Q: 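Got a structure for you, questions after.
This one's a predicted model, so the numbers in the text were calculated from it and none came from an experiment. By convention here, the first residue in the shown sequence is residue 1. Remember, it's 1-based here, ligands and their atoms both numbered in the order they're listed.
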Amino acid sequence: MASPIIAPFPATRLRRLRRTANLRAMVSEVNLTPANLIWPIFVTEVAGAEGEIASMPGVQRLTLDGARRAAERAARLNIPAICIFPHSDQDLKTEACERAWDPDNIGNRAIRAVKETVPEMAVMTDIALDPYNANGHDGIVQNGEILNDETVEALVRMALAQAEAGADILGPSDMMDGRIGALRGAMETAGHKHVAILSYAAKFASAFYGPFRDAVGASGRLVGDKKTYQVNPANRGEALRCVARDLAEGADMVMVKPGMPYLDICRAVKDEFGAPTFAYQVSGEYAMLEGAIRNGWLSRDAMTESLLSFRRAGCDGVLSYFAPTVAEMLA
Ligand SMILES: NCC(=O)CCC(=O)O
């Protein structure tokens, strides 16, 4: 980028263009609109589990009716996409994770409910076995090992059921090797050639997912950690190789996750590949900001400021639990 010409003071006074709101708007380098937001929601099939998630104040587990209302709210606010995360019955979780590809699991019922209510809403799914896995991992576990290729086969079945239910965007979040190519191939063969893939390509083994695991009921289940499949937070180069690999296998869009601690990765991904790039402002980021806002330690503007940082880092959009609140603030 060419360096801007700056005449010496007082010819240049950078404050001139900061003087009024309209002048500031004219020279705003990036913007944030509801079109930049994807709203992740939690849908439960467990009677009595609906309502506020303790570690994510302000975020609710929804019933199917609640998911329908969320879709209507998103549509009113011009949010283009909803991402569905299932909270399933603890007693129905198994080591083989069969419910992950049951056409009537809660995730698939929620996809159908949202598409029936607001057909134009883009519905994104989560592809990982953890909500249906007896041991809380994203993959199939055998003698303490996360099996890669067997997991990919299970993920393909899961994705086909989601596509059948009407999903627009598949969101593989599992970090197994080879899953994007397998998913893309299966979609083409099964006649779902228009179903897009937003790959969780650079997903780091992060401490910031804690509240999410409470939300989907996986916290008590998880044995060990996810470091054998998610990326080491120290590794920028490895994250970029993951993105390159997923694009080469047919991902339509890529994601960096978590968000704010990884803005350098967002910028690098956009600069290197130019593909549609998203970030996930995850549950722990939400909990930090919302907790501080509720205590009066931060103002509500911290929400929009945090989301603007992703736009500045090159992201086309952000998955954020703040999506509806921020879309209301922007309206
Ligand atoms: N696949 C989704 C996650 O793993 C966690 C997201 C969050 O912490 O909000």
Q: For atom 9 (O) of ligand 1, which protein heavy atom lies nearest, and how many Å away is it?
A: Tyr321 OH, 2.5 Å

Q: Considering Gln230, Lys257, Arg213, which one's heavy-atom position lies nearest to atom 1 (N) of ligand 1?
A: Lys257

Q: Distance under 4.0 Å to a non-hydrogen atom of Phe85: what atoms of ligand 1 satisfy this?
A: 1 (N), 2 (C)

Q: Any idea which part of Asp126 is under 4.0 Å from ligand 1, heavy-atom wise: side chain, backbone, both or neither?
A: side chain

Q: Can you tell me if Lys203 contacts ligand 1 (heavy atom of the residue under 4.0 Å from the ligand)?
A: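 In this structure, Lys203 qualifies as a contact of ligand 1 - some heavy atom is under 4.0 Å.
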
Q: Is Arg112 salt-bridged to Glu116, cutoff N-O under 4.0 Å?
A: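 No.
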
Q: Could you check if a side-chain atom of Lys115 sits within less than 4.5 angstrom of a side-chain atom of Asp168, using non-hydrogen atoms only?
A: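 Side-chain contact under 4.5 Å: yes.
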
Q: Would you mind checking which non-hydrogen protein atom is closest to atom 8 (O) of ligand 1, with the distance to 0.1 Å?
A: Ser283 OG, 2.7 Å

Q: Under a 4.0 Å N-O cut-off, is there an ion pair linking Asp174 with Lys203?
A: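 Salt bridge absent between Asp174 and Lys203.
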
Q: With atoms numbered from 1 as shown, which atoms in ligand 1 lie under 4.0 angstrom from a non-hydrogen atom of Tyr280?
A: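 Going through ligand 1 atom by atom, the ones under 4.0 Å from Tyr280 are 6 (C), 9 (O).
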
Q: Once ring pair (Phe, Tyr, Trp, His ring centres under 6.0 Å) is applied, do any residues pair with Tyr132, and if so which ones, sequence neighbours excluded?
A: none

Q: If you count the atoms of ligand 1 from 1 in the order shown, which ones are under 4.0 Å from a heavy atom of Ser173?
A: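 Result: 1 (N).
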
Q: Restricting to pairs with a member in residues 202-252, which pass ring-ring contact (aromatic ring centres under 6.0 Å, His included), not counting sequence neighbours?
A: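 Pairs touching residues 202-252 that pass the test: Phe42-Phe212, Phe85-Phe212, His137-Tyr229, Phe204-Tyr262.
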
Q: Without hydrogens or angle criteria, can the side chains of His192 and Glu164 be said to hold a donor-acceptor pair below 3.5 Å?
A: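 A donor-acceptor contact under 3.5 Å links the two side chains.
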
